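Encoded as structure tokens, the structure appears first; notes follow it.
From a predicted model like this one, the values you see are computed outputs, not experimental measurements. Protein chains get the first letters and strands the later ones, always in sequence-line order, with residue 1 at the start of each. What you see below is based on every heavy atom in this structure, not just the backbone, and it leaves out hydrogens, waters and symmetry mates.
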Amino acid sequence: MDWLLEPFQLPFMQTAALAAALVSVTCAMLGVYVVLRRMAFIGDALSHTVLPGLVVAYLNQWNLFGGAIIASVITALGIGWLSRRQALREDTAIGVLFTGMFALGILLMSTVRSFRDFTHILFGYILGVTSDQLAVIAGIAVAIIVTLLLLHKELELTSFDPVHAEVIGLRPDLLRYVLLILMALAVVAAVQAVGVVLTSALLVVPAATASLITNRLPRMMLVSIGVALFSSLAGLLISYRIDVSSGGAIVLSCIACFAVAWGVNALRQRRQQRRAHANVA
Amino acid sequence: MIPYRATRNKIPAAGTASAPALLAEDVTVSYADGDTPALKGVNLRVPVGSRVALVGPNGAGKSTLLKAAVGLLPVTRGTLSLFGQPVGRFACPQRMAYLPQRGELDWHFPLSVRKLVLTGRYGHLGWLRRPGARDWAIADQALAQMQLSELAERQISQLSGGQQQRALLARALAQEADLLLLDEPLNAVDAATRSVVAETLRVLHAQGKTIIAATHELEHLETDFDAALYLVDGRET
């Protein structure tokens, strides 16, 4: 028990645990819509496109959060704008913007002699989260969770049946923009924890795990939150105990949960099939 | 209540207005700019309380006319109005209910049948308000009317095609609309569904509702409808 709890008595570990929990729970809730609306690729793109924003902010010693928020909101709006009216398929628009922005980030990074300063941006450094950063992360988390709760009915309906939504006067495209901006904000908070490269995992894996276990949206959200909370704390502990990357450990913990859910789901399906066969015979 | 669409003009109360439920004058609709129109100069007048069938083969423009009427497709020429108001600015979506074709929905979405029917209440709730006891009661009543009460807690993909069709009609009932626009309500459904739907349409008619339905069925046309519009290749015939 001590082996489990003792690390969390250290102040920096407490800050890290709080940051990881806030980030992962926020991403897990948002992720349910991301998975149901097949927006996983956008999540990946958004997390990569914050790079130039972070680098520009870093080079000019501006606020890193500010730079990331601007870059990701530009991308979110850009994807919506490029793919409106089906002039360009959405995944193509994402592919163009995502690689373009990431390349811009790499180009900007290469103007600095050493890459070392940027490893924290790319791979996250949750153990180094300051109390100021924690406050920003908490602010973003609260804003996203409150918005999701207030707009739950509308987000659910536009995800399931955008046509009915439009007929009753809702604007599915507007809610899509809201979701994209929320994703952009979540990415900005998550980059701190697991870095640019692994952030989309937090948006996708807990929700995907939940989707294997239940077929009701509220339950799916709860399971997703549970998986995210467990994985962030387990990952943090593993990273502390065996001295490995915290971002990597958190994401792999999510993946382990996913693997278990996949196994359970496969067994359940096989049992159902066998029962169906038995009934026929 | 904060409505989803801001109301600009005053709506005459149901029944008191002399304007027809739907009036189409020389309506032309294209799916994209420059395409051959899917609907070419169609005229239709549907008085309040009547039942009108839209008849014709696939691709004749029946669905297009319904979609234009509920504001899903823009009218490129002519005028189309509901209760005397042009559809583009029709400021009272609560007065109409639209039944889409069953294939247009994602049935694997994690949603129960009861919740699906409840979404018929959202137009009356607007932003921020949650469904109350009255909304759930209306949804349950619509489920009972469609003989789906026992399946209410099932996930929507676990229904048969006919049951899914009834669930969608239950949602349209829950909207408590004055005008129902139904796209192929009887397409490829079982006998049980057929009789439940037909009975429901009779009840709605007795309540004074206006019904416009696209259909393949020619059998019961005279008994189930007051008038029919025959469409071929986007034109009246």
Side-chain angles (χ1 to χ4, degrees), chain A residues 29 31-39 84-88 146-175 178 207-224 261 265 268-269 272 276, chain B residues 2-7 31-33 66-67 69-73 87 89-101 104-112 114-116 118-131 135 153-158 168 171-172 175 177 181 183:
Chain A
M29 286 181 73
V32 169
Y33 291 115
V34 172
V35 165
L36 288 175
R37 297 171 82 120
R38 303 183 176 89
M39 289 166 88
R84 102 218 109 105
R85 287 177 222 289
Q86 281 99 40
L88 206 58
V146 167
T147 312
L148 285 181
L149 292 178
L150 287 178
L151 297 182
H152 172 76
K153 158 167 131 284
E154 287 76 17
L155 285 169
E156 183 181 56
L157 179 61
T158 51
S159 304
F160 161 65
D161 189 354
V163 167
H164 179 67
E166 205 170 325
V167 170
I168 64 171
L170 259 173
R171 295 208 21 214
D173 53 336
L174 211 69
L175 281 148
V178 169
T209 308
S211 77
L212 290 174
I213 290 177
T214 169
N215 56 13
R216 287 294 186 286
L217 203 139
R219 252 180 270 165
M220 198 174 149
M221 213 160 249
L222 289 177
V223 174
S224 183
N265 185 272
R268 199 159 50 181
Q269 275 184 352
Q272 268 167 10
Chain B
I2 311 165
Y4 288 136
R5 197 183 296 164
T7 308
Y31 274 87
D33 295 336
L66 291 176
K67 283 185 175 153
V70 296
L72 291 169
L73 288 171
V87 287
R89 278 177 289 134
F90 187 60
C92 201
Q94 297 95 308
R95 288 190 67 186
M96 60 161 174
Y98 168 66
L99 179 89
Q101 287 193 28
E104 291 173 11
L105 276 84
D106 174 10
W107 291 97
H108 289 284
F109 199 86
L111 202 71
S112 67
R114 195 164 176 239
K115 196 76 191 286
L116 166 67
L118 188 72
T119 62
R121 300 302 303 160
Y122 288 7
H124 295 274
L125 294 170
W127 297 106
L128 304 179
R129 229 168 73 194
R130 284 170 185 278
D135 299 301
E153 294 305 325
R154 291 250 186 117
Q155 200 259 327
I156 50 175
S157 70
Q158 293 166 345
L168 285 179
R171 173 171 78 178
Q175 287 179 255
L181 300 119
D183 201 349

[X] versus chain A, the contacting section by heavy-atom distance below 4.5 Å:
| X | answer |
| --- | --- |
| B:Ile156 | side chain |
| B:Arg129 | backbone |
| B:Glu104 | neither |

Can you tell whether the side chains of A:Arg37 and B:Asp106 come within less than 4.0 Å, N to carboxylate O?
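Salt bridge absent between A:Arg37 and B:Asp106.
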Under 3.5 Å side-chain donor-acceptor pair for A:Glu154 and B:Tyr122:
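No donor-acceptor contact under 3.5 Å links the two side chains.
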Heavy-atom count check: over 12 atoms from other residues, nucleotides or ligands less than 6.0 Å from A:Arg38 CZ?
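Not more than 12 within 6.0 Å, no.
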How many angstroms lie between atom OG of B:Ser157 and atom CG of A:Asn215, to the nearest 0.5 angstrom?
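With rounding to 0.5 Å, OG (B:Ser157) is 7.0 Å from CG (A:Asn215).
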Can you measure from CD (B:Gln175) to CD1 (A:Ile168) and round to the nearest 0.5 angstrom?
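Answer rounded to 0.5 Å: 7.0 Å.
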Check whether A:Ser211 gets within reach of chain B through its side chain, its backbone, both or neither, counting any heavy atom under 4.5 Å.
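No part of it gets close to chain B.
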So which of A:Met220, A:His164, A:Glu166 has the largest heavy-atom pair count under 4.5 angstrom toward chain B?
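Highest number of heavy-atom pairs under 4.5 Å: A:His164.
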Looking only at heavy atoms and a cut-off of under 4.5 Å, which of A:Asp161, A:Leu36, A:Leu170 has the most pairs with chain B?
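Sorted descending by pairs with chain B, the first entry is A:Leu170.
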Check whether any side-chain heavy atom of B:Pro131 sits under 4.5 Å from a side-chain heavy atom of A:Lys153, and report yes or no.
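Yes, at least one pair of side-chain atoms sits under 4.5 Å.
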Find out whether B:Lys115 and A:Leu157 are in side-chain contact, i.e. whether some heavy atom of one side chain is under 4.5 Å from a heavy atom of the other.
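In short, these two side chains do not touch, never coming nearer than 4.5 Å.
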Between B:Trp107 and A:Phe160, what is the ring plane arrangement, given parallel below 30°, perpendicular above 60°, and tilted in between?
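Perpendicular.
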